[in-house]
Trainee: 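Here you go, one structure.
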There are 2 protein chains.
Amino acid sequence: MSKKITITEIAEKSGVSVSTVSRVLNNSPSVSPAKRERIQRIIDEYNYTPSIFARGMINHKTKNIGVMLPDITNPYFASFFLQVEHFALSNMYATILFNTMFTKNPRKYETPLSETDYFKIILEKQVDGVLILGGQIDKEEVSPSFVEALNELHRNVPVVIVGSRIEGCDCLFIERNSKQGITSLVHHFKALGHKDIGFVGGEPGIRITSARIDAFRQSMRAFGNEPLERHIVMSDYYAPDGYQAMKQLLEQNPGQLPTAVIAINDMVALGAIRAMKDAGLSCPEDIAIASCDQFLQSDYSIPRLTSVDQHNEYLGRMAVLQLISAINGSMESVSVDHMPQLIIRESCGSTARL
Amino acid sequence: MSKKITITEIAEKSGVSVSTVSRVLNNSPSVSPAKRERIQRIIDEYNYTPSIFARGMINHKTKNIGVMLPDITNPYFASFFLQVEHFALSNMYATILFNTMFTKNPRKYETPLSETDYFKIILEKQVDGVLILGGQIDKEEVSPSFVEALNELHRNVPVVIVGSRIEGCDCLFIERNSKQGITSLVHHFKALGHKDIGFVGGEPGIRITSARIDAFRQSMRAFGNEPLERHIVMSDYYAPDGYQAMKQLLEQNPGQLPTAVIAINDMVALGAIRAMKDAGLSCPEDIAIASCDQFLQSDYSIPRLTSVDQHNEYLGRMAVLQLISAINGSMESVSVDHMPQLIIRESCGSTARL
DNA sequence: CTGTTAGCGCCTTCAA
DNA sequence: TTGAAGGCGCTAACAG
């Protein structure tokens with residue numbers, strides 16, 4: 001590895017002092033155009049880039065942000081992350097990604113590390129800010145010690161959490177309305193004449209799950225229907241979970257199945273439809289299905305999935321922007337007001353097309 | 001943000017010199033046990049971690065690696081990356097991820113940045129090593145200027161490329177046998193009695209595509225069949241591409257369709273099956289389908305996808321390991337010898353089960 | 001507009 | 001076994 005050239009050498013080669021070179025490096029106005037150009041030429045010629053270490057010693061910034069999420073192979077997190085990375089880079093921040101694997105996942109990985117271990121590692125990396133997505137923060141019962149760890153982290157570096165506000169946590173939050181999507185799904189099914197609607201997927205004890213199921217119950221009641229508890233089967237967020245949940249729903253409701261079911265996301269919907277098929281039922285004829293969170297490729301499954309676009313990508317952008325402004329001193333939480341969009345395809349059995 | 005405590009303060013608080021503190025920090029043996037313990041206690045108490053900047057100025061290491069890939073939302077890259085990140089971290093390296101978006105992708109993103117721009121950014125980040133996956137390096141014709149950029153990067157920091165060796169490129173490569181999988185697929189279809197086999201997906205001019213199509217032709221010939229060119233339709237790597245490719249295949253071969261088709265990966269297979277369905281054909285009855293690269297969830301589609309597990313996750317592990325050993329001085333390319341595994345499910349029309 | 005200089009926090013000789 | 005001192009590459013006063 002060729003050793004890096006330093007500012008001193010550039011200064012010597014261009015016959016000026018290091019400060020002058022430093023000035024052109026930092027676009028200081030007070031450099032004569034002639035010198036500036038000459039120096040820049042040398043810089044380019046030698047392909048010189050200043051040492052982040054030396055710079056960091058002074059301004060204590062790495063221009064790196066840390067992103068902590070459970071599992072990048074989950075399309076939900078992936079599409080979110082893509083936006084984050086993209087927008088961070090266009091603001092000159094690079095993104096260090098940590099997969100905490102702190103949710104169940106189909107690969108059954110375990111990490112020996114706790115989330116607070118990750119906090120420590122992140123801190124050591126001296127990132128300028130941290131974005132947290134999923135994991136413990138999504139639990140309904142967040143342990144006080146975890147909140148304290150979060151606060152400690154935030155004391156060192158701005159932390160933006162994507163999810164609902166946690167009692168006693170000083171971090172910044174970026175929240176959004178998660179009911180809207182469910183409500184339009186229920187309305188849609190009602191409009192199609194369904195009375196008994198079920199719900200599958202989502203891990204119990206996780207906020208997003210409860211929020212959605214609550215919204216589900218609530219909007220059912222708004223139609224004068226009390227949803228049947230036995231038509232609600234929670235499990236988790238992946239295809240195998242949708243499969244298992246639907247299987248259970250079918251088995252525990254012989255002869256009295258719902259005519260429509262809402263799945264917590266597209267992977268779960270996929271699994272659920274597969275379970276129906278394996279039980280000799282077909283979708284949407286026997287049970288119509290729609291999901292709350294659209295992923296890519298849902299337009300290519302059989303049947304094509306009716307789903308809700310929660311605009312997660314937009315949320316990703318908002319999150320980085322929030323983090324960057326926090327790094328630069330702004331300290332307010334934001335709530336993103338977005339309008340989830342119902343995407344009607346085949347699995348809901350509607351013939352309507354947008 | 002609370003400012004960090006320094007080694008000097010630790011030294012003062014424990015009544016020793018900075019050098020002694022430094023010694024305990026770096027596990028130097030020459031510190032009296034008593035002092036060592038006392039100092040360690042203070043370190044823990046104040047939750048002190050040494051500044052990476054100051055350290056970096058001396059050893060020039062960040063303990064960060066850079067990973068460059070086209071699109072993390074592509075499950076192929078995601079599962080690969082997950083392994084990389086995981087293994088890197090267990091070796092104390094954090095991973096900075098760059099999505100170059102340098103392939104077509106369903107989101108139609110564009111970056112204003114070229115891949116060589118990314119090289120520059122990565123270099124500025126002073127990572128200890130770089131892993132490159134996909135993008136230009138996969139092209140059949142790599143421009144000399146790109147190779148030179150790669151070499152220049154490699155002159156500064158170890159670069160590991162996942163893919164086939166590029167003429168004139170000094171980087172480290174991690175290669176694998178990509179024929180094996182195709183061959184077993186062809187054998188499998190032959191064993192099921194298929195004669196006319198088609199191929200869909202993959203971008204023309206990309207090495208992995210050509211390699212697979214070559215392997216396809218070759219193993220067809222081994223059975224005395226010359227594959228029909230009009231039964232081979234390239235496009236790209238995502239579901240919409242599979243859809244479009246199959247649609248074209250169907251349209252351009254009226255009355256003389258293949259009875260089986262190999263798709264370049266599971267997303268393409270999904271799209272292809274969907275196209276068949278939309279054309280009133282069903283899989284595997286009318287055309288059997290199998291794919292070369294298995295992703296998660298393929299076990300839940302309708303029909304379940306017969307596919308090949310290329311053990312990409314293993315490859316990911318090998319790649320980081322290779323990079324880390326390169327960072328530590330080892331400079332040999334490795335070729336991973338793995339045995340792709342055929343996973344027989346429904347889409348190939350076989351009744352056999354493993 | 002430009003140069004000089006004092007650190008930033010740490011590690012590493014070199015002496016003691 | 002310990003401490004003192006130099007220097008890593010850069011920026012930010014401070015002088016000129």
Trainee: With a 6.0 Å cut-off on ring centres, are Phe146(B) and Phe119(B) close enough?
Mentor: yes
Trainee: Look at all strands and tell whether Thr6(A) reaches a base, only sugar-phosphate, or nothing, counting heavy atoms closer than 4.0 Å.
Mentor: sugar-phosphate
Trainee: Would you say a side-chain N or O of Arg55(B) is under 4.0 Å from OP1 or OP2 of dC11(C)?
Mentor: yes
Trainee: Rounding to a whole Å, what distance do you find between Lys4(A):NZ and dC8(D):C1'?
Mentor: 13 Å
Trainee: Mapping Pro29(B) and His60(B) onto DNA chain D by nearest heavy atom, which one lands closer to the 5' end?
Mentor: Pro29(B)
Trainee: Val67(A) versus Phe98(A): any side-chain heavy-atom pair under 4.5 Å?
Mentor: no
Trainee: Whether the Thr49(A) and Lys120(B) side chains hold a donor-acceptor pair (N or O, under 3.5 Å, no angle test) is what I'd like checked.
Mentor: no
Trainee: Starting from P on dC1(C), measure out to CZ on Arg36(A) and report it in whole angstrom.
Mentor: 9 Å
Trainee: Do Arg317(B) and Asn312(B) meet the criterion of a side-chain donor-acceptor pair at a distance under 3.5 Å?
Mentor: no
Trainee: Below 4.0 angstrom from OP1 or OP2 of dC11(C), is there any side-chain N or O of Asn59(B)?
Mentor: no
Trainee: Are any protein N/O atoms closer than 3.5 Å to N/O atoms in nucleotides 3-7 of chain D? If there are, list each pair with its distance.
Mentor:
from	atom 1	to	atom 2	distance (Å)
dG3(D)	OP2	Ser17(B)	N	3.1
dG3(D)	OP2	Ser17(B)	OG	3.2
dG3(D)	OP2	Thr20(B)	OG1	2.6
dG3(D)	N7	Arg23(B)	NH1	3.4
dG3(D)	O6	Arg23(B)	NH2	2.5
dA4(D)	N7	Ser19(B)	OG	3.3
dA4(D)	N6	Ser19(B)	OG	3.1

Trainee: Rounding to an integer number of Å, can you tell me how far Asn26(B) CG sits from dG9(C) P?
Mentor: 17 Å
Trainee: Roughly how many Å is it from CZ in Arg38(A) to P in dT2(C), rounded to a whole number?
Mentor: 9 Å
Trainee: Would you kindly give the CD-to-P distance between Glu12(B) and dG9(C), to the nearest whole Å?
Mentor: 12 Å
Trainee: Count the heavy atoms of every other residue, nucleotide or ligand shown that sit under 6.0 Å from CD of Glu37(A), and state whether that count exceeds 12.
Mentor: no
Trainee: With a cut-off of less than 4.0 Å, is there a side-chain N or O of Ser51(B) near OP1 or OP2 of dC10(C)?
Mentor: no
Trainee: Is the closest side-chain donor-acceptor distance between Asp71(B) and Thr73(B) under 3.5 Å?
Mentor: yes
Trainee: Within this structure, what is the CD-to-P distance between Glu9(A) and dG9(D), rounded to whole angstrom?
Mentor: 8 Å
Trainee: Out of dC10(C), dG9(D), dT2(D), which has the shortest distance to the side chain of Val31(B)?
Mentor: dT2(D)
Trainee: Any side-chain heavy-atom pair from Leu131(A) and Val84(A) closer than 4.5 angstrom?
Mentor: yes
Trainee: Once you round it to whole Å, what is the distance between P of dC11(C) and CD1 of Ile52(B)?
Mentor: 13 Å
Trainee: Of the nucleotides dT2(D), dT11(D), dC10(C), which has the atom closest to the Ser30(B) side chain?
Mentor: dT2(D)
Trainee: Rounded off to whole Å, could you give me the NZ-to-P distance for the Lys61(A) and dC8(C) pair?
Mentor: 18 Å
